[in-house]
K.L.:
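Got a structure for you, written out below as structure tokens; questions coming shortly.
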Amino acid sequence: MASTPGGSGGIDALAVEARRFPPPAAFVREALVRDASLHEEGRRDPVAYWARHARELLDWSTPFTRTLEWEAPFARWFSDGRLNASYNCVDRHVLAGRGDRVAIHWEGEPGDVRTVTYAELHADVQRFANVLLRLGVRKGDRVNVYLPMIPEAVVAMLACARIGAAHSVVFGGFSAQALADRINDARAKVLVTADGGWRRGEVFPLKPQADVAVASTPTIEHVVVVRRGGNPVEMTPGRDVWWHEAMADAPAECPAEPMEAEHLLFLLYTSGTTGKPKGIMHTTGGYLAHVATTFRYVFDHHPDRDVYWCTADVGWVTGHSYIVYGPLANGATQVIYEGVPNHPGNDRLWSLVAKYGVTIFYTAPTAIRTFMKWGTQEPAKHDLSSLRLIGSVGEPINPEAWIWYHEHIGGGRCPVVDTWWQTETGGIMISPLPGATVTKPGSATHPVPGVGAEVVDESGTPVARGGGYLTLTTPWPGMLRGVWGDEQRYRDTYWSRFPGRYFAGDGAKLDDDGYLWLLGRVDDVMNVSGHRISTTEVESALVSHPAVAEAAVVGANDATTGQAIIAYVTLRGGQRVGEADLRAHVATEIGAIAKPKTIYFTPDLPKTRSGKIMRRLLRDVAEGRNLGDTTTLADASVVDELQRRAHETPAED
Ligand code: 7RM
């Protein structure tokens with residue numbers, strides 16, 4: 001059902017997905033939200049909806065009377081209220097008598113374990129807040145965090161929040177240069193790091209990287225070092241301190257200082273595809289209200305019975321919002337795992353689900369497609385019957401990956417929540433509510449209550465159905481407050497393309513039932529003979545072939561059609577299929593116009609370190625260009641191999 005090209009210039013909507021999954025009756029019986037009432041409340045008055053949840057789900061030392069001040073594109077939420085994020089995530093649970101509840105079941109990659117209760121978290125956060133104060137950190141300062149996935153990462157972030165210093169977490173897999181750039185942009189005073197962490201059965205060094213970075217960061221006065229890897233490190237006297245020594249000397253009590261709701265909580269840098277990384281700013285009250293509310297409803301969280309596990313790293317926004325602030329504000333018990341999913345075997349995650357009785361599991365499509373590659377025998381080795389809800393975030397989830405996840409991880413009984421959001425949105429924006437929404441595999445369904453989203457065409461006019469550009473129409477509490485030190489970039493990037501609307505940079509389509517389908521970044525949209533075709537739809541058509549685990553599609557310059565579709569395909573373990581068969585399969589699934597001109601088979605695809613496919617690089621490869629910056633790639637050798645193959649002439653049918 002290809003639509004006609006041209007017109008108002010949206011994005012053609014090609015794929016049709018007929019499968020429907022209503023919330024299972026057993027799930028609905030105990031669900032927090034079972035009907036449309038919450039969505040209706042949000043639609044009636046989004047500002048009042050957020051005010052109610054900010055009051056009910058958070059503790060304020062000074063209650064707010066003003067909910068929203070909106071001078072587009074600048075929002076202030078709850079501005080005359082005061083609260084402390086660390087108090088809301090820790091103290092109040094202890095004060096309510098829940099200090100013995102486990103906050104974190106932590107497991108290191110080698111298999112060592114730590115159980116951290118809310119009372120212990122409370123003690124550690126206070127001590128580390130005192131360490132920071134003693135090192136000269138004050139309200140309004142920035143602290144950089146460069147750690148493996150260990151409980152100290154959570155402690156460090158909450159200790160910053162406690163004293164009003166903004167944290168800036170840099171993913172532990174980033175280079176010394178990337179760390180130095182982010183420290184310098186933020187002008188951070190203190191860096192918190194570790195000797196090293198465990199990954200793929202080995203210790204990866206962090207402190208030596210931090211030393212290289214700090215040699216070019218004049219603002220850093222002290223470096224705090226957690227002992228984790230046991231690898232040798234050099235400590236610079238007067239500058240560097242061991243975490244355990246500083247903690248042993250620190251006073252046990254540090255009261256949480258009330259902050260203005262609009263006080264800066266953290267900076268988080270996004271690399272984007274071009275230009276220098278942007279320091280995305282998030283503030284205290286609105287952000288916390290947004291992540292606490294969405295965590296509760298999207299994951300249908302029941303604090304006394306759920307064991308939650310999000311596999312993200314704290315270095316990404318998913319770790320900030322749905323490992324640290326959302327779950328802890330809700331008093332959740334969660335699993336944190338340090339290492340890779342295939343150590344010592346491809347079933348490590350499933351062994352952890354069974355061991356800790358995980359009930360809610362949240363991961364990324366890239367991980368799900370990797371599990372598909374590894375085969376169904378891996379989850380089948382373990383009892384996954386504790387799971388009752390499974391979620392996805394980070395990229396469009398192809399319908400076939402959704403179905404695989406539903407069946408082989410969710411046992412056919414768990415609702416799947418496909419959650420769309422961004423570093424910039426702070427929290428989940430588009431997602432099913434699992435007890436109320438009929439899901440369709442591959443669709444993130446509808447905006448969550450209190451959020452407004454519309455698909456618009458090139459001219460900014462909302463489309464009732466079909467493809468276009470995803471925009472957000474009303475301010476929301478978790479929205480970014482700006483780009484650190486660059487107000488113009490904030491206006492230009494998000495608010496200039498469609499006046500009065502936040503432009504997310506993603507394509508989306510609305511189907512006949514009003515469901516939203518994310519189509520990938522608009523920079524990746526292909527133009528083939530005047531048809532605007534989304535990479536996501538062609539990739540999903542490829543992945544719907546039983547032999548295919550993963551696919552990346554790009555448009556490469558073509559003398560005849562403007563752009564030609566080039567596909568890179570990874571097969572499931574033990575499977576084979578020919579190029580001609582796959583092209584025919586795409587034609588049957590979504591139409592002849594979307595048939596790839598060329599298909600390359602590859603064991604891996606180039607991805608960012610957070611698992612998103614880097615189509616820009618594949619376009620460079622397909623068009624024979626020299627590759628630009630590959631430093632944000634998870635594994636740069638993948639593109640070398642693809643480049644080598646691009647010079648061989650592929651078979652065409
Ligand atoms: C949370 C996160 C944001 C970009 C976003 C999209 C893509 C994320 C989904 C998705 C389709 C989803 N933050 N994205 N979730 N696309 N369906 N459920 O990933 O800042 O790192 O990335 O990720 O393109 O704009 S992020």
Side-chain angles (χ1 to χ4, degrees), residues 1 13-44 46 49 293-302 306 359-363 365 368 387-393 395-421 428-455 463-467 470 506 508-519 536-537 540 543-544 589:
M1 52 157 251
L14 301 175
V16 193
E17 168 62 61
R19 291 167 286 193
R20 305 274 180 285
F21 292 82
F27 188 94
V28 176
R29 252 194 310 281
E30 313 228 335
L32 295 171
V33 182
R34 306 164 198 203
D35 56 29
S37 54
L38 206 69
H39 280 108
E40 279 159 18
E41 181 190 342
R43 239 188 319 270
R44 255 194 322 274
Y49 171 89
T293 307
T294 49
F295 177 78
R296 178 170 154 80
Y297 292 136
V298 170
F299 298 111
D300 185 49
H301 180 248
H302 293 71
D306 278 319
T359 60
I360 305 169
F361 181 75
Y362 191 33
T363 195
I368 297 165
L387 290 172
R388 61 179 202 89
L389 175 66
I390 55 179
S392 161
V393 60
E395 283 183 294
I397 178 166
N398 321 106
E400 245 24 72
W402 193 106
I403 294 284
W404 189 95
Y405 191 38
H406 180 258
E407 195 170 315
H408 296 287
I409 306 304
R413 78 188 166 276
C414 303
V416 177
V417 287
D418 170 10
T419 63
W420 178 90
W421 58 293
I428 294 169
M429 301 297 280
I430 301 175
S431 168
L433 295 188
T437 311
V438 176
T439 54
K440 303 184 185 188
S443 167
T445 73
H446 307 292
V448 297
V451 166
E454 278 176 351
V455 179
V463 305
R465 73 168 67 156
L470 180 66
D506 284 354
K509 69 175 181 188
L510 274 168
D511 71 13
D512 292 347
D513 303 323
Y515 277 59
L516 277 162
W517 299 74
L518 276 300
L519 298 177
T536 302
E537 292 201 314
S540 290
V543 174
S544 76
E589 286 291 304

K.L.:
Enumerate the residue pairs fulfilling salt bridge (Lys or Arg N to Asp or Glu O under 4.0 Å) with a member in residues 27-39, sequence neighbours excluded, ordered by first and then second residue.
P.N.:
Glu30-Arg305
K.L.:
Checking Lys509 side chain against Ala15 main chain: does a donor-acceptor pair fall under 3.5 Å?
P.N.:
yes
K.L.:
Not counting sequence neighbours, which residues clear side chain to side chain donor-acceptor pair (under 3.5 Å) with Ser443? List them please.
P.N.:
none
K.L.:
In chain order, what residues pass the salt bridge (Lys or Arg N to Asp or Glu O under 4.0 Å) check against Asp300, with sequence neighbours excluded?
P.N.:
Arg388
K.L.:
Once side-chain hydrogen bond (donor to acceptor under 3.5 Å, both in side chains) is applied, what residue pairs with a partner in residues 444-455 remain, sequence neighbours excluded?
P.N.:
Glu454-Arg501
K.L.:
Less than 4.5 Å apart, any side-chain heavy atom of Pro396 and any of Pro365?
P.N.:
no
K.L.:
Return the CG to CD distance between Asp418 and Glu395, rounded to the nearest 0.5 Å.
P.N.:
11.0 Å
K.L.:
What's the shortest heavy-atom distance between Ala13 and Gly466, and which atoms?
P.N.:
CB-CA, 4.3 Å
K.L.:
Among pairs that include at least one residue of residues 397-411, which meet side-chain hydrogen bond (donor to acceptor under 3.5 Å, both in side chains), considering only residues two or more places apart or in two chains?
P.N.:
Arg19-Glu400, Arg369-Asn398, Asn398-Ser540
K.L.:
Go through the steps for Ile430 and Leu470 under the test side chain to side chain contact (heavy atoms under 4.5 Å, CB included), then give the verdict.
P.N.:
CA-CA 11 Å; Ile430 301 175; Leu470 180 66; 3.9 Å; yes
K.L.:
Are Lys440 and Trp517 packed together at the side-chain level, in the sense that at least one heavy-atom pair is separated by less than 4.5 angstrom?
P.N.:
yes
K.L.:
Which residues pass the side chain to side chain contact (heavy atoms under 4.5 Å, CB included) test with Leu387, sequence neighbours left out?
P.N.:
Val353, Val358, Phe361, Leu384, Ile390, Ile409, Arg413, Cys414
K.L.:
Who pairs with Thr536 by side chain to side chain donor-acceptor pair (under 3.5 Å), at least two apart in sequence or on another chain?
P.N.:
none
K.L.:
How about Pro22 and Val28: do any of their side-chain heavy atoms sit closer than 4.5 Å?
P.N.:
no
K.L.:
Looking at every non-hydrogen atom in both residues, tell me the closest pair between Leu389 and Val298 and how far apart they are.
P.N.:
CD2-O, 3.7 Å
K.L.:
Applying side chain to side chain contact (heavy atoms under 4.5 Å, CB included), run through Phe299 and Asp306 and close with a yes or a no.
P.N.:
CA-CA 10 Å; Phe299 298 111; Asp306 278 319; over 6 Å; no
K.L.:
Would you say the side chain of Pro449 lies within less than 4.5 Å of the side chain of Glu41, judging by non-hydrogen atoms?
P.N.:
no
K.L.:
Could you give the side-chain donor-acceptor pairs of residues 431-439 under 3.5 Å, partners two or more places apart or in another chain?
P.N.:
{"unit_1": "Thr437", "atom_1": "OG1", "unit_2": "Leu433", "atom_2": "N", "d": "2.9"}
{"unit_1": "Thr437", "atom_1": "OG1", "unit_2": "Leu433", "atom_2": "O", "d": "3.2"}
{"unit_1": "Thr439", "atom_1": "OG1", "unit_2": "Phe21", "atom_2": "O", "d": "3.2"}

K.L.:
Applying the side-chain contact (heavy atoms from CB on, under 4.5 Å) criterion to Trp420, which one of Asp506, Val448, Val393 satisfies it?
P.N.:
Asp506
K.L.:
Could you pull out all residues at least two apart from Tyr297 that satisfy side chain to side chain donor-acceptor pair (under 3.5 Å)?
P.N.:
His53
K.L.:
First locate atom CD1 of Ile428, then atom OG1 of Thr419, and finally report the distance between them rounded to the nearest 0.5 Å.
P.N.:
4.5 Å
